[in-house]
Each structure stands twice: as C-alpha cells, then as structure tokens.
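Only this structure's heavy atoms are used, side chains among them; waters, hydrogens and symmetry mates stay out. So that the names make sense, note that chain A is the first sequence line, chain B the second, and so on, each numbered from 1.
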Amino acid sequence: MIDLRALREDPDAYRASQRKRGASPDSVDALLSADADHRSALQSFETLRAEQKGLGKQIAKASPDEKQGLLARTKTLAEEVKTAESRVTATAAAFEAAGRALPNLVAGEAPAGGEDDFIVLREVGETTVPENVRDHLEIGTALGLIDTERGAKTSGARFYYLTGDGAMLQLAMLNLAIQQAVATGFTPMIPPVLVRPDAMEGTGFLGEHSDEIYYLERDELYLVGTSEVPLASYHSGENLGDLSEPRRYAAWSSCFRREAGSYGKDTKGILRVHQFDKIEMFSFCRPEDAEAEHRKLLSYEEQMLKKMELPYRVIDVAAGDLGTSAARKFDTEAWVPSQGRYRELTSTSNCTTFQARRLNIKYRDEQGRNAVAATLNGTLATTRWLVSILENHQQPDGSVAVPKALQPFLGKEVIEPK
RNA sequence: GGAGGAUUCGCAUAGUGGCCUAGUGCGCCCGCCUGCUAAGCGGGUUUCGGGUGAUACCCGAUCAUGGGUUCAAAUCCCAUAUCCUCCGCCA
C-alpha cells in the first residue's frame with residue numbers, strides 16, 4: 001500500500017514510477033479519483049452522523065412532549081445516515097481496490113525497463129567451464145546426492161530426494177548461513193509454513209503470485225513460497241518502539257511453489273522445484289535507514305557466496321521486474337558451468353513502507369509520533385545453491401571438492417564416488 | 001468431532017439501551033514537593049481518518065469481526081473468527 005499523503009502531494013512521482021515499470025500511469029489517477037470520491041462520501045456521512053448524535057442527546061434530556069417532535073425528525077435522519085454510510089462502504093471498497101492495484105514507488109536509482117534491462121554492478125570470481133563439464137544432476141546422481149526419479153515416483157515432477165552427503169551438504173550450508181546470520185545480529189527463527197489468508201494477503205503474495213501458491217482448501221491455509229511471509233506477519237499490528245536498531249530475523253523454512261506456467265523450463269535436476277529449503281533474512285527498520293540496511297543484506301549474501309567459493313555477479317534489477325512491494329531489488333547470480341551462464345541464487349528487496357503499511361507495523365519516530373516502519377528481505381541460502389556448488393567444484397575424477405567453510409559441518413574435504 | 005467459557009485503552013479490570021465525552025488500578029510521560037533515593041501530590045496518556053500544511057482546536061470512526069433491532073448499541077439479537085477449559089479420536 002502506497003503512502004496516500006505522498007501520492008496526493010506529488011502524483012507525478014508516482015506516474016513516473018509506473019512508466020519506469022512499464023505500467024500504465026492511469027492507475028495513479030484511478031486511485032486519486034477513488035480517494036476523492038471516498039473522502040467526499042466520508043465527509044457527508046460524518047456531517048449527518050454528527051447531527052444525529054447531537055439530536056440523540058437532546059432526546060435523552062427532552063420532556064415527553066418535546067420527544068415526539070424530535071423523534072419525527074430523527075427518523076428521517078436515520079435513513080439519511082444509513083444511505084450515506086452505504087455510500088462510504090461502496091467508495092471505500094473501490095478505493096481499497098484501486099490502492100491494491102498500485103505497486104510501490106520505484107527507487108530513483110533503480111534502472112528503468114523490463115527483465116533484460118538490469119545493470120550488472122560487479123562480477124566476482126573467475127568463471128570457468130571445465131572440460132567434459134557435467135551438470136549438477138549427473139554429478140548428484142553419480143555420487144548418490146540427489147534422487148529425482150524416486151522424487152517423481154513419490155510426489156511427481158519437480159520433486160526430489162536429497163540423499164546421503166547431498167542431504168548433509170544442504171544441512172551444512174543452511175547451518176552455516178544461520179550461524180553467519182546470528183553472528184551479525186539476526187534472531188534465528190523457525191516459522192510456521194502454513195499461514196492464514198490475511199498473512200498471505202498482507203505480504204502482497206495473493207496478487208501477482210496467486211497462481212504460484214499451494215492452498216489447503218479444507219483448512220483455509222496457504223503453504224508459503226518463502227518465509228518472508230511469516231516473518232513479515234510476525235510483527236503485524238505491532239508498534240516496534242523507537243527502532244533505533246533494525247530488528248533482524250533469519251528464518252529457516254521449507255518453501256513451496258506450484259511453478260505454474262513454467263512448463264518445460266529448467267525441468268532437469270533441482271534448479272526449479274516445488275519444495276526447497278531456504279534461509280531468509282528479514283529486517284524491520286526506520287524508513288531513513290532502509291537503504292543502508294538493503295546494502296547490508298546484499299553484503300551478507302555476498303559473504304555467503306564467497307564462503308561457498310562461487311563465481312557470481314550482482315545485478316540491479318530493473319523497475320519492470322520488481323515485485324509489487326519492492327522499491328529496489330538486487331539479485332546475485334552464481335555461475336552455472338553446464339549452462340555457461342549465471343543463475344539467480346539470492347534476491348534482496350527494499351520494500352520501504354509499502355508492506356508494513358498493509359500489515360500495520362509502526363514505530364515511534366524522533367518526535368515520538370507513530371510512523372510506518374520499513375521492511376526488507378534477502379536470501380542467505382537455498383537448495384538451488386547446491387546446483388552451483390556441485391558444478392563449480394566438480395573435479396576431473398568425478399568427485400566434488402567441499403568448500404572450506406562447509407568442511408567442519410560435513411566432516412570431509414571431498415565427496416568421492418562410492 | 002462435541003460441550004462450555006472468554007474477547008473492553010500498553011497490561012489488569014469495571015461497565016444490562018441515553019448519566020460512556022468508556023471509569024479505576026498498574027505502567028508510561030510532564031510537573032510539584034523533598035539533603036539523596038523511595039514515597040507523596042497535581043496533570044497527561046486508545047488508535048485511525050478528515051478539516052489541514054500545523055504538536056493547538058473541531059468533527060467522525062473505533063469496546064474481536066461482519067450483519068441486524070432502535071430515534072439512539074460496549075450494552076439487545078444473529079453469524080463468524082480467535083483464545084482457553086473439558087470430553088472423544090489420533091500420533
């Protein structure tokens with residue numbers, strides 16, 4: 001949800017933001033007129049209601065004779081109040097719908113354009129394609145780390161088992177990520193992954209992503225596609241005090257995605273699956289600190305990538321490819337030798353006050369007034385990372401070298417063929 | 001699955017149709033008093049929206065949520081949600 005006062009003050013900024021996303025600025029004007037309708041309906045209702053309350057007080061004190069006269073007038077007034085109120089309800093619904101239709105104001109620095117208009121901020125590490133390169137599925141199958149056939153037998157396409165050292169490798173990576181997060185001031189969390197409609201709605205996932213979400217109809221619960229949902233919802237409806245320090249959480253969770261509309265895309269291996277595990281960082285902070293916090297989340301992601309000894313690049317995602325809630329987004333993409341290109345491993349978004357406004361998350365500002373907080377999220381590790389780890393660390397003899405940082409968890413330096 | 005109870009300001013509670021402009025206590029904020037501290041005294045303190053740019057003032061909404069009855073609802077009626085207790089079933 002957009003800041004309406006800011007919108008009224010400077011609608012052009014929002015029109016420009018829409019154009020930058022490649023979306024129509026008409027939705028800005030639709031919201032403005034819905035807002036005006038709603039406010040005028042509110043005002044006429046409030047005037048009538050004030051009159052009704054005043055008369056009610058007179059009646060309470062009036063003598064029986066006077067009462068009769070007053071009652072005649074209040075009866076018609078009651079009708080007027082009722083119609084005015086229903087007009088308020090109707091305009092409010094239209095206004096809310098228009099409000100939901102407008103995505104967050106894009107940050108000034110974010111590049112304009114669509115999916116392909118990102119800017120590469122930096123490339124780190126050397127990308128190589130080994131001779132006789134094998135993809136992660138070949139490696140994983142040969143070493144007994146990944147079993148997609150039995151995954152399909154049990155659950156269908158895009159499901160898999162991680163087995164033996166494959167399971168250990170993932171646990172090692174997730175543990176390392178949590179450890180790093182705790183060391184940098186995050187509170188570790190294991191959140192619920194089944195959530196109610198209002199939690200899903202509040203984080204904005206029921207809009208553009210609704211096809212992606214598993215829904216348990218009998219129980220009216222959604223399976224989360226990311227722990228961003230339960231983490232954002234954690235403080236919903238709360239006032240977080242002065243927020244002089246950001247509140248940071250890092251959650252481990254399984255994530256579930258239907259991958260509707262991705263038929264034929266990345267069908268091999270574990271690059272795109274219905275269920276995976278993830279460590280997600282989430283920050284609540286003052287709006288003025290959000291940009292610096294965003295940089296921090298990005299730097300934590302890069303730290304993890306370096307610990308995994310992966311070549312990667314950082315991109316500044318273009319406006320048209322931002323989510324509804326994001327004002328700016330940085331992705332990191334790791335090198336995948338078998339494909340000869342970079343693939344997204346992490347994504348960090350600055351949602352400014354957009355998400356928190358919907359979830360009603362406040363803090364107390366310098367003047368002691370309640371104000372809307374900012375929220376940010378970022379990925380610290382996911383199952384997909386295994387793709388890049390296995391492929392970049394494959395060795396000519398068929399083994400895979402374990403990154404140094406994971407060796408203590410795994411108890412070995414190399415995963416050897418059996 | 002079944003039966004009961006609960007939901008009121010940050011917390012605890014009072015409140016059975018107009019006296020609610022929601023009381024009280026705790027907490028918190030401001031002040032007074034006082035060698036210091038504690039205590040005591042006085043004042044303030046739900047949240048959201050609008051007038052409106054404004055910390056003042058005025059208006060409206062807000063007693064879990066949504067409907068209804070009424071000139072008038074925290075209060076009466078209906079539905080729903082959540083929490084708690086108990087029973088049953090299951091791991």
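- Under 3.5 Å, the side chains of A:Asp331 and A:Ser347 contain a donor-acceptor pair of N or O atoms.
- Between the C1' atoms of B:C90 and B:U24, the separation comes to 48 Å (whole Å).
- In this structure, the ring of A:Tyr161 has its center no less than 6.0 angstrom from the ring center of A:Phe159.
- Scanning residues 82-91 of chain A for heavy-atom distances under 4.0 Å to RNA chain B yields A:Lys82.
- Here A:Leu305 contributes atom CG and A:Thr332 contributes atom OG1; the two are 4.5 Å apart, rounded to the nearest 0.5 Å.
- Taking the six-membered ring where the residue is Trp, the centroids of A:Tyr249 and A:His235 are separated by under 6.0 Å.
- Nucleotides B:C9 and B:A22 place their P atoms 13 Å apart, quoted to the nearest Å.
- Taking the nucleotide of RNA chain B with the nearest heavy atom to each of A:Arg39 and A:Arg49, the more 5' of the two is matched to A:Arg39.
- Across all strands shown, A:Asn370 has heavy atoms under 4.0 Å from sugar-phosphate atoms exclusively, and none from any base.
- The gap from the P atom of B:C59 to that of B:U7 amounts to 31 Å, rounded to the nearest Å.
- Remark: A:Tyr234 OH to A:Phe282 CZ distance equals 13.0 Å, nearest 0.5 Å.
- Outside the 6.0 Å centre-distance limit, the rings of A:Phe256 and A:Phe276 are not counted as a close aromatic pair.
- With a 3.5 Å ceiling on both atom-pair distances, B:U34 lacks any Watson-Crick or G-U wobble partner.
- Remark: the separation of the P atoms in B:C48 and B:G43 is 26 Å, to the nearest Å.
- Nucleotide B:C19 forms a pair with no other nucleotide shown, judged by Watson-Crick or G-U wobble geometry with both contacts under 3.5 Å.
- Taking atom P in both B:C63 and B:U47, one finds a spacing of 16 Å when rounded to whole Å.
- Pair check for B:A91 finds none; no Watson-Crick or G-U wobble contact set falls under 3.5 Å.
- Annotation: B:U85 and B:C32 have their C1' atoms spaced 50 Å apart (nearest Å).
- Think of the region where chain A sits on RNA chain B: with heavy atoms and a 4.0 Å cut, that region ends 5' and 3' at B:G18 to B:U82.
- Across the P atoms, B:C26 and B:G40 are found 8 Å apart, a figure rounded to whole Å.
- Base pairing of B:U24: its partner is B:A12, meeting the Watson-Crick or G-U wobble criterion (both donor-acceptor distances under 3.5 Å).
- Judged as a ring pair (Phe, Tyr, Trp, His ring centres under 6.0 Å), the pairs with a partner in residues 33-57 of chain A (not counting sequence neighbours) are, in order, A:His38-A:Phe95.
- Residues passing the side-chain hydrogen bond (donor to acceptor under 3.5 Å, both in side chains) test with A:Thr203: none are found, sequence neighbours excluded.
- Take the nearest nucleotide of RNA chain B for A:Thr47 and for A:Gln43: the residue whose nucleotide is more 5' is A:Gln43.
- Between the side chains of A:Arg49 and A:Gln52, at least one donor-acceptor pair of N or O atoms lies under 3.5 Å.
- In the model, A:Asp277 has no side-chain atom that pairs as donor or acceptor with a side-chain atom of A:Ser253 under 3.5 Å.
- In this structure, B:G49 forms a base pair with B:C59, meeting either the Watson-Crick or the G-U wobble geometry with both donor-acceptor distances under 3.5 Å.
- The side-chain hydrogen bond (donor to acceptor under 3.5 Å, both in side chains) with A:Asp135 is formed by just one residue from the set A:Lys268, A:Gln394, A:Gln339; it is A:Lys268.
- Comparing the same atom, P, in B:C29 and in B:U46 gives a spacing of 16 Å after rounding to whole Å.
- If you check residues 4-14 of chain A against RNA chain B, the residues with a heavy atom closer than 4.0 Å are A:Arg5, A:Arg8, listed by number.
- Nucleotide B:U7 is matched to B:A81 when pairs are restricted to Watson-Crick or G-U wobble geometry with both distances under 3.5 angstrom.
- With sequence neighbours excluded, the residues forming a side-chain hydrogen bond (donor to acceptor under 3.5 Å, both in side chains) with A:Asp316 are A:Arg328, listed by chain and number.
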